[in-house]
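Read through the structure below, which is laid out as structure tokens, and then see the notes.
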Amino acid sequence: MSTLGSSRRIRCGLMLGGLANFLALYYVQPLLPAIAERFDVSASQSTAALSVATITLAIALLFVGPISDAVGRVMIMRVSLTASALLGIATAFAPTWHSLLVIRGLQGMALAGLPAVALAYVREEAPPDAHLRANATYITGTALGGAAGRLLPGPFQALWGWPGANAAVGGIALACAVGLWILLPPSRRFEPASPRPRDLLRNTGLTLRDPAIMALCLVGAATMGAFVGLCNALTFRLEAAPYLLGGAGALVFLAYPVGIPAPHAAGRLAMRRGRGRAALLGVVVLLAGTLLTASPRLPVIVTGLGVLTFAFLGTHSLVSGWVSDRAQRVGVGVGQAAGLYLLAYYAGSSAFGAFAAHQWQVEGWSGVISVSAALALAAGLLVILARRLDVARNA
């Protein structure tokens, strides 16, 4: 197979993987009001259907990367997507609130396989000049999955109810998993290494002692928390007065596809101006999108969500690649650095996603805005710090 053909298959396979991964993880977000009603739980409790999956995913990331060093990347990605899709279908038949949480927790663990090894696979198998494009394509796939996960469940539920919506989303994820099985080329440059606890602890310790990587991990936590928290609370805001949109409120996520070209746009800007400056601009735009949603006018809210999504996905693409690049240059484990970034990223989603829903119940939309705006400001300060610590390549 030619290098060009292999690179294309890698990009297409990872795009499908990213789509299925984020579709399976986030499809419950537009269904949170329906979950609260079906299982008789509060708004803030209903967010556990999302946060339990992100928590177990984050924990599993710590182990899947080292395991992939021994058994290989491709099989883990294949099994991960297939198992998570089947567990998604199983949620359609969850009889109780606690059984739903158990299945979602297992689904989160299964979902860890793709993000834990995707970037390592790209660095091993794609040509060096294709790394940035492959990373952006993978993030674009996650954006498509995020869009599908927020747009499709509402209409599916209207047509087929709760079981039908879950089964349909799981079926789409399973089809993407089949596509990844077919498209993703087997590893050619992978060299297995037995993971030794001592080496794992040593590499993790070296990563934790790098202040630039730690700052970037916190950027991921803050930007993800700002984004997911606002989106979680928005589903409840649009069901309340004066909007009273019911299930149609999920249509506001039609703004989400605006973010799909963001990773490629951010990558081009970074090539001209540097990752640090491009990431800082992304955080500023994220704050602007957050503040736009303070408007009571629905068109302005939709516009703000689109701006927020574009900024978040572009910033995430830059910062995730920056972490791996920094780790490689300073000689710490790239897998450990990427895993710690994703751990912080999903921990931010779990913690601040639930907190924003709580703020909605207690203080209304102004409370949600205050959380997301504070996180955006913190992310901006952390990007400035990371630029100063990594000035050699990213200023």
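The model shown is predicted, which means the values in this text are computed figures rather than measured ones.
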Check for a donor-acceptor pair, side chain of [X] on one end and backbone N or O of [Y] on the other, with a separation under 3.5 Å.
X	Y	result
Ser372	Ile369	no
Ser46	Ala43	yes
Asn21	Leu111	yes
Ser80	Ala110	yes

Nearest heavy-atom pair of [X] and [Y]: which atoms, and what distance?
X	Y	value
Ala266	Ala278	O-CB, 4.4 Å
Gly259	Leu313	O-CD1, 3.5 Å
Arg78	Thr82	O-OG1, 2.9 Å
Met77	Ala118	SD-CA, 4.1 Å
Phe352	Gly225	CB-CA, 3.7 Å

Check the hydrophobic clustering (I, L, V, M, F, W, Y; side-chain heavy atoms under 4.5 Å; chains of links allowed) and say if [X] and [Y] are grouped together.
X	Y	value
Leu292	Val368	no
Val169	Leu87	no
Leu86	Leu100	no
Phe312	Val307	no

Checklist entry - So do Phe227 and Leu308 actually touch side chain to side chain, heavy atoms under 4.5 Å? => result yes
Item to check | Leu81 vs Leu16 side-chain heavy atoms within contact, under 4.5 Å | outcome: no
Next on the checklist: Listing request: all salt bridge (charged side-chain N to carboxylate O under 4.0 Å, His left out) pairs with a residue in residues 205-227, at least two apart in sequence or in separate chains.
Outcome noted: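 Residue pairs with at least one partner in residues 205-227: Asp210-Arg326.
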Next on the checklist: Assess the residue pair Arg387 and Trp322 against the criterion (side chain to side chain contact (heavy atoms under 4.5 Å, CB included)); give the C-alpha distance rounded to whole Å, side-chain angles, the decisive distance to 0.1 Å, and a yes or no.
Outcome noted: CA-CA 11 Å; Arg387 284 185 64 201; Trp322 190 353; 3.9 Å; yes
Checklist entry - Got a sec, which pairs hit ring pair (Phe, Tyr, Trp, His ring centres under 6.0 Å) with one end in residues 19-38, sequence neighbours left out? => result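 Sorted result for residues 19-38: Phe22-Tyr26.
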Checklist entry - Hey, do the aromatic rings of His316 and Tyr345 have their centres closer than 6.0 Å? => result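 Yes, close enough.
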Checklist entry - Other than Leu318, what residues sit in its cluster of Ile, Leu, Val, Met, Phe, Trp and Tyr side chains whose heavy atoms are under 4.5 Å apart, directly or through others? => result none
Checklist entry - Can a salt bridge be assigned to the pair Asp325 and Arg275 using a cut-off of 4.0 Å between side-chain N and carboxylate O? => result yes
Checklist entry - Once the angle between the rings of Trp162 and Phe39 is folded into 0 to 90°, is it parallel (under 30°), tilted (30 to 60°) or perpendicular (over 60°)? => result perpendicular
